[in-house]
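Worksheet: one structure, shown below.
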Amino acid sequence: MPTHAGTPLIEARDLTRVYRRPRTSLARQGEAVHALREVSLTVRRGERFGIVGESGSGKSTLLRLLCALDQPTSGSIRFDGQEITGRPERALKFLRHSLQIVFQDPMSSLDPRMRVRDLVAEPLVALGEPIGGRVTELLEEVGLPASAADRYPHQFSGGQRQRIAIARALAPRPKVLVADEPVSALDVSVRGQILNLLADLVDELGLTLVFVSHDLSVVRHVCETVAVMNNGSIVETGPVDEVWAAPEHPYTRTLLQAVPTLEGLL
Ligand SMILES: Nc1ncnc2c1ncn2[C@@H]1O[C@H](COP(=O)(O)OP(=O)(O)O)[C@@H](O)[C@H]1O
Ligand SMILES: [Mg+2]
């Protein structure tokens, strides 16, 4: 556990994000899509925070804002006490260092022309940090042999590719790991392994985790807190075991009825 465990690390206030669909005529503006509506949340240091909701509910939009990969239409985000909205890229170096992301599909997040060694080292190169023996160390941490370094992404299975993506995310020793549906593109049979790996690493390294899934049983397996999203808003938030056992919002109940259970896989 890092020091100051339990104090606020990410504080989002009243985040709204409106997208404009492309215009279909010269006379009219493109239609507005309210992807997020005044969303507020606090992620504490060392917390494993899950965001759950069906497809289109605004989860990825929220994550992109929290990672400063996109800007809100209105609202603010403080990371480690510093405002990150409306800041130029050069003022966000601390964030790029502290926060790393694992995406849904490792096939599209890993450049197929690069060897694993260079893929894993890339975040270090980008931050101007020494590589040393870090690649081998990281491959070991995610359960891959050192020989994987000389191979290309297509030479691995989906689960192994997600291990490579996790190794790459951990390279700059981030404080926060953000994962957007990290097992949804994988074979059902390997989902449990990757979730367990993520949970173990977060625990061992004392990381803060922000984890998105459409499946509450997956969130329950790796997170302690959950925020339930519906139509761009957070409709319910609390300890995941409480939300699982006694959902308050009707939408959460619907979501619970829809989740395929992970029993037998974990
Ligand atoms: N770049 C974009 N331009 C227009 N609409 C978008 C864009 N990205 C997302 N949306 C819309 O915003 C809503 C939320 O999308 P998203 O955040 O991807 O949801 P989720 O990750 O929960 O599936 C959806 O209606 C989606 O169609
Ligand atoms: Mg998404």
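As the structure lists them, so they are numbered: ligands from 1, and atoms in each ligand from 1. Residue numbers run from 1 in the order of the sequence given.
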Minimum heavy-atom separation for T42 and P8, please, with both atom names.
CG2-CB, 3.8 Å

Closest to atom 16 (P) of ligand 1 among protein heavy atoms sits T61 OG1, 3.7 Å

Strictly inside 4.0 angstrom of atom 2 (C) of ligand 1, do you find any protein heavy atom?
yes

Minimum-distance protein heavy atom relative to atom 18 (O) of ligand 1:
S60 CB, 3.9 Å

Can you tell me the protein heavy atom closest to atom 4 (C) of ligand 1 and the distance?
Y19 CB, 3.4 Å

Using a 3.5 Å cut-off on N or O atoms only, is R21 in polar contact with ligand 1?
no

Considering non-hydrogen atoms of the protein only, which is the closest contact for atom 26 (C) of ligand 1, and what is the distance?
V33 CG1, 4.9 Å

Would you call S57 a ligand 1 contact, heavy-atom distance under 4.0 Å?
yes

Among all protein non-hydrogen atoms, which one is nearest to atom 12 (O) of ligand 1, and what is the separation to 0.1 Å?
A35 CB, 3.3 Å

Does the side chain of R45 come under 3.5 Å of the side chain of T7 through a donor N or O and an acceptor N or O?
yes

Are S55 and H214 packed together at the side-chain level, in the sense that at least one heavy-atom pair is separated by less than 4.5 angstrom?
no

Cation-pi, F49 ring and R44 (6.0 angstrom, 45 degrees):
no

Got a sec: is S55 within less than 2.8 Å of the Mg ion (ligand 2) via an N/O/S atom?
no

For atom 22 (O) of ligand 1, what is the nearest protein heavy atom, given as residue, atom name and distance?
K59 NZ, 2.8 Å

Using atom types as modelled and distance alone, determine if a side-chain donor or acceptor of R134 lies under 3.5 Å from a backbone N or O of A171.
yes

Nearest neighbour in protein (non-hydrogen) for atom 24 (C) of ligand 1
G56 O, 3.9 Å

T61 and Y19: side chain donor to acceptor below 3.5 Å
yes

Hphob cluster co-occupancy, I166 + Y152, side-chain heavy atoms under 4.5 angstrom
no

Go through ligand 1 atom by atom and flag the ones less than 4.0 Å from a non-hydrogen atom of E54.
22 (O)

Under a 4.0 angstrom heavy-atom cut-off, which atoms of ligand 1 come close to R64?
8 (N)

Please find the pair of heavy atoms, one from V102 and one from A169, that lie closest to each other, and give the distance.
CG2-CB, 3.9 Å

Among L201, I101, L198, T208, which one satisfies side chain to side chain contact (heavy atoms under 4.5 Å, CB included) with L177?
L198

Where is the nearest protein heavy atom to atom 19 (O) of ligand 1: which residue, which atom, and how far?
G58 N, 3.2 Å

